[in-house]
Amino acid sequence: MKFSDHMIKKWEIVMSLKEAALSVREKAYAPYSNFKVGAALRSTSGEIFSGCNVENVAYPEGTCAEAGAIAAMVAAGEQKLAEVYVVASSPQPVPPCGGCRQKLAEFGNRDVKVTLATVEGDEFETTIGQLLPGAFDASHMEDS
Ligand code: THU
């Protein structure tokens, strides 16, 4: 059976953020930490974008899963987050790093739901605002 673009689009919308995050996590390139992370986000158009961490032998050059998912969304011409899901094989649902919290705040309102998860299925629901209270945003530069 051949899938049309329309069918693939439909499937993307039906596929849950959780499935997308678990699936992209498998593709993570994490030979140095061995800590694979998957992030999936839904933009306000309803489309799903995903990303995984991509490490580098020059450690600071590595990028987080959330950054990859955000880059995919922006490259597709979208800039507004509706929901986010992040998953890793960790004892507790994986908390995004500080830099990723700032990156999420750039593209989503304070009330955007963020689900942090383990591959075993433990989930913790939070929001962009709770992850980064007192965030620095464009309003802080109004006088300059
Ligand atoms: N990492 C992410 O991709 N997202 C997070 O939210 C936490 C940390 C990655 C970065 C690095 O490749 C590995 O996990 C260990 O820090």
Side-chain angles (χ1 to χ4, degrees), residues 3 5-142 144:
F3 294 102
D5 283 355
H6 176 71
M7 287 167 77
I8 291 169
K9 265 250 137 47
K10 259 266 156 80
W11 178 79
E12 280 171 0
I13 288 168
V14 168
M15 187 168 83
S16 74
L17 278 186
K18 177 180 178 175
E19 287 170 295
L22 280 167
S23 160
V24 74
R25 180 185 162 273
E26 303 280 333
K27 300 194 175 92
Y29 176 73
Y32 305 106
S33 70
N34 283 317
F35 188 68
K36 293 184 167 198
V37 185
L41 52 90
R42 195 189 310 278
S43 62
T44 48
S45 77
E47 202 159 332
I48 290 178
F49 300 94
S50 60
C52 55
N53 52 332
V54 180
E55 298 185 346
N56 192 281
V57 64
Y59 294 176
E61 299 304 324
T63 50
C64 285
E66 295 89 330
I70 288 170
M73 175 184 77
V74 173
E78 301 214 31
Q79 301 186 348
K80 218 68 205 130
L81 294 173
E83 193 180 343
V84 181
Y85 195 103
V86 187
V87 65
S89 177
S90 47
Q92 306 289 331
V94 60
C97 77
C100 285
R101 293 172 194 225
Q102 185 74 40
K103 289 182 178 78
L104 291 171
E106 183 73 19
F107 296 102
N109 299 332
R110 295 185 47 78
D111 60 351
V112 165
K113 182 167 119 181
V114 182
T115 303
L116 311 176
T118 69
V119 291
E120 282 77 29
D122 287 346
E123 291 183 346
F124 176 75
E125 278 185 18
T126 182
T127 64
I128 286 180
Q130 284 168 345
L131 284 170
L132 192 63
F136 172 68
D137 62 33
S139 70
H140 296 105
M141 297 192 296
E142 266 167 18
S144 50

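Remember, it's 1-based here, ligands and their atoms both numbered in the order they're listed. Positions are given from 1, in the same order as the sequence printed here. Model, not experiment: these values are computed from the prediction. For the numbers below, each heavy atom of this structure counts, side chains included, while hydrogens, waters and symmetry mates do not.
Counting atoms of ligand 1 from 1 in the listed order, those under 4.0 Å from a heavy atom of Cys64 are 1 (N), 2 (C), 3 (O), 4 (N), 10 (C). Residue contact check: Val37 has heavy atoms under 4.0 Å from atoms 1 (N), 2 (C), 3 (O), 4 (N), 9 (C), 14 (O) of ligand 1. Here is the list of ligand 1 atoms found below 4.0 Å of a heavy atom in Cys97: 6 (O).
Within the 4.5 Å cutoff, the side chain of Thr127 has no heavy atoms near those of the Arg110 side chain. Side-chain contact check for Leu17 versus Thr115: every heavy-atom pair is 4.5 Å or farther apart. Side-chain contact between Ile128 and Asn109 is absent, with no heavy-atom pair separated by less than 4.5 Å. Taking the side chain as every heavy atom from C-beta outward, Phe35 and Ser90 approach each other to under 4.5 Å.
Annotation: Cys100 places no N or O atom under 3.5 Å from an N or O atom of ligand 1; distance criterion only. Where the criterion is an N or O separation shorter than 3.5 Å, residue side chain and backbone included, Ser33 fails it with respect to ligand 1. Considering both main-chain and side-chain atoms, Thr63 never comes within under 3.5 Å of ligand 1 through any nitrogen or oxygen pair.
At least one heavy atom of Pro95 lies less than 4.0 angstrom from ligand 1. Judged by the shortest distance from any of its heavy atoms, Ala30 lies outside the 4.0 Å radius around the atoms of ligand 1.
Protein heavy atom closest to atom 16 (O) of ligand 1, with residue, atom name and distance, is Phe35 CD2, 4.8 Å. Scanning the protein for heavy atoms near atom 9 (C) of ligand 1, the closest one is Asn53 ND2, 3.5 Å. If you check which protein heavy atom lies closest to atom 4 (N) of ligand 1, you get Glu66 OE1, 2.9 Å. Taking atom 3 (O) of ligand 1 as the reference point, the nearest protein heavy-atom neighbour is Ala65 N, 2.9 Å.
Of the listed residues (Arg25, Glu55, Lys36), the one carrying the non-hydrogen atom nearest atom 13 (C) of ligand 1 is Glu55.
Contact record, Glu55 with Ser33: OE2-OG, 2.5 Å, taken as the closest heavy-atom pair.
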Cys97 and Cys64: CA distance, side-chain angles, deciding distance, side-chain contact (heavy atoms from CB on, under 4.5 Å) verdict: CA-CA 9 Å; Cys97 77; Cys64 285; 4.0 Å; yes
Evaluation steps, side-chain contact (heavy atoms from CB on, under 4.5 Å), between Val87 and Lys18: CA-CA 8 Å; Val87 65; Lys18 177 180 178 175; over 6 Å; no
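Classified by interplanar angle (parallel below 30°, tilted 30° to 60°, perpendicular above 60°), the ring pair Tyr32/Tyr29 is perpendicular.
Checking Glu123, Lys113, Glu19 one by one against Tyr85, the side chain to side chain donor-acceptor pair (under 3.5 Å) holds for a single residue, Glu123.
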